[in-house]
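In what follows, chains carry the letters A, B, and so on, assigned in the order in which the sequence lines appear, proteins first and then strands, with residues in each chain numbered from 1.
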Amino acid sequence: MLIATFNINGIKARIDALPRWLTTAKPDVVCLQEIKSVDASFPREMFEDMGYRVETHGQKGFNGVAILSRLPLEDVTRGLPGDETDEQSRWIEATVMAPRPVRVCGLYLPNGNPAPGPKYDYKLAWMARMETRLRALLALEEPFLCAGDYNVIPQAQDAAKPEAWETDALYLPQTRQAYRRILNLGLLDAFRARVQGPGHYSFWDYQANAWERNNGIRIDHLLLSPQAADRLTGAGIDREVRAGDKPSDHVPVWVTLED
DNA sequence: ATGACTCATACAATGAGA
């Protein structure tokens, strides 16, 4: 089973690039971030015609997440628990009904810039809420994974120029500490379980020829519960997508699990 | 470097992204 995450930076803007990648990569499940669309405006028929179920959690203009799946989905929930006043659409969950079901969480973790400030406070509070949700999921001792745009550069090797990010919300010590707290619950960074060393990125800024200079960062991650990690057979980054026509600034990151 | 580029909203200029 191939499960991917892809921050598409606007579903309308990626109306050609996303189907192109789906046709090439043939993922079974895709968590999308930054659909930048309300649910009613999402072009669901296009993806249904390609064989995908479509579950969205959108909002007007910004943010928004979705799950596309060739396999049936059950128990779909929208929103990260823990703050009834939070109106930002950044979290969706569904159980993928394979022979051995997998709970999939799709997430778009807040950017947090500028830091310090209220946006950074929101990021850290959101990460604390995520940690609480993951404790509840881990207690079930079932396979699950969290796929999305974490807006976290975990280590220096995950940036081409780590020194340029030292005061940025994606790389501040408090950010990396909060991310490690989540990992240390017992989750596995699937990509790092399979691929070592620097030079592996999932985002390149549109500005200053970042792609041509390979000035990237690795911020899109798939974290696996122990029961999902036991089934991990592969992981990768589809970096060539960044060189396509009208690309997102992110590329897909994926894992394969034993069925 | 309050930069650059892209997207959405709205139809000009601005906010947000990372």
Fill in the blank from the handout: Winner on side-chain proximity to N7(A), out of dG17(B), dC7(B), dA18(B), is dA18(B)
Completion exercise
Winner on side-chain proximity to K60(A), out of dA18(B), dT9(B), dG17(B), is dT9(B)
Problem - Whole-Å gap separating P (dA18(B)) and OH (Y122(A)) - result: 13 Å
Practice task
Identify whether NZ of Lys or CZ of Arg in R176(A) sits under 6.0 Å from the centre of the six-membered ring of Y171(A) and within 45° of that ring's axis.
Solution key: yes
Problem - Salt bridge R78(A)-E55(A), side-chain N to carboxylate O under 4.0 Å - result: yes
Handout entry: pair Y179(A)-N151(A): side-chain heavy atoms closer than 4.5 Å
Key = no
Exercise for the section: Quickly work out the F203(A) CZ to dG17(B) P distance and round it to whole Å. Expected result: 12 Å
Exercise for the section: Take Q207(A) and I11(A), find for each the nucleotide of DNA chain B with the closest heavy atom, and name the residue whose nucleotide sits nearer the 5' end. Expected result: Q207(A)
Practice task
Rounded off to whole Å, could you give me the CG-to-P distance for the N113(A) and dG3(B) pair?
Solution key: 12 Å
Practice task
Determine the interatomic distance between C1' on dA4(B) and the same-named atom on dT9(B); round to the nearest Å.
Solution key: 22 Å
Exercise for the section: Return the nearest nucleotide to the side chain of K12(A); candidates are dA8(B), dA4(B), dA18(B). Expected result: dA8(B)
Practice task
In whole angstrom, give the distance that lies between atom NE2 of H250(A) and atom C1' of dG17(B).
Solution key: 8 Å
Problem - Electrostatic pair D259(A)-R231(A), nearest N-O below 4.0 angstrom - result: no
Completion exercise
Which of dG15(B), dC7(B), dA10(B) is nearest the side chain of A13(A)? It is dC7(B)
Problem - Pair Y150(A) + Y108(A): ring centers closer than 6.0 Å - result: no
Problem - Ionic contact status for R181(A) with E131(A), cut-off 4.0 Å - result: yes
Exercise for the section: Look at all strands and tell whether N215(A) reaches a base, only sugar-phosphate, or nothing, counting heavy atoms closer than 4.0 Å. Expected result: nothing
Exercise for the section: Whole angstrom is fine here: how far is it from CD in Q59(A) over to P in dG15(B)? Expected result: 18 Å
Handout entry: Which nucleotide in dA8(B), dA18(B), dA10(B) has an atom nearest any side-chain atom of W165(A)
Key = dA18(B)
Practice task
Indicate, with yes or no, if V76(A) and I3(A) share a hydrophobic cluster defined by side-chain heavy-atom contacts under 4.5 Å among Ile, Leu, Val, Met, Phe, Trp and Tyr.
Solution key: yes
Problem - Validation row, ring centre H221(A) to ring centre F191(A) under 6.0 Å - result: no
Practice task
Answer with base, sugar-phosphate or nothing: what part of the nucleic acid does K119(A) contact at a heavy-atom distance below 4.0 Å?
Solution key: sugar-phosphate
Exercise for the section: Report the distance from atom CG of N63(A) to atom P of dG17(B), rounded to the nearest whole Å. Expected result: 7 Å
Exercise for the section: Represent DNA chain B in dot-bracket notation, 5' to 3'. Only Watson-Crick or G-U wobble pairs with both distances under 3.5 Å count; pseudoknot-style crossings use [ ] and interstrand partners use |. Expected result: ....(((((...))))).
Problem - Distance test, side-chain N/O of K36(A) to OP1/OP2 of dG17(B), below 4.0 Å - result: no
Completion exercise
Against the side chain of F62(A), the closest entry in dT9(B), dA16(B), dG17(B) is dA16(B)
Handout entry: Along DNA chain B (nearest heavy atom to each residue), the more 5'-positioned of Y108(A) and Y206(A)
Key = Y206(A)
Exercise for the section: Report yes or no: is the cationic atom of R218(A) (NZ for Lys, CZ for Arg) closer than 6.0 Å to the six-membered ring centre of Y201(A), at no more than 45° off its axis? Expected result: no
Fill in the blank from the handout: Taken to the nearest whole Å, CZ/R14(A) to P/dC7(B) is 5 Å
Problem - Polar pair under 3.5 Å, donor/acceptor by atom type, side chain N111(A), base dA18(B) - result: yes
Handout entry: Euclidean distance for P, dA18(B) against dT14(B) (whole angstrom)
Key = 22 Å
Practice task
For dG15(B) versus dA10(B), give the span between their P atoms, rounded off to a whole number of Å.
Solution key: 14 Å
Exercise for the section: Rounded to whole angstrom, note down the P distance from dA1(B) over to dT6(B). Expected result: 23 Å
Practice task
For N151(A) and dA16(B), give me the distance from atom CG to atom C1', rounded to whole Å.
Solution key: 12 Å
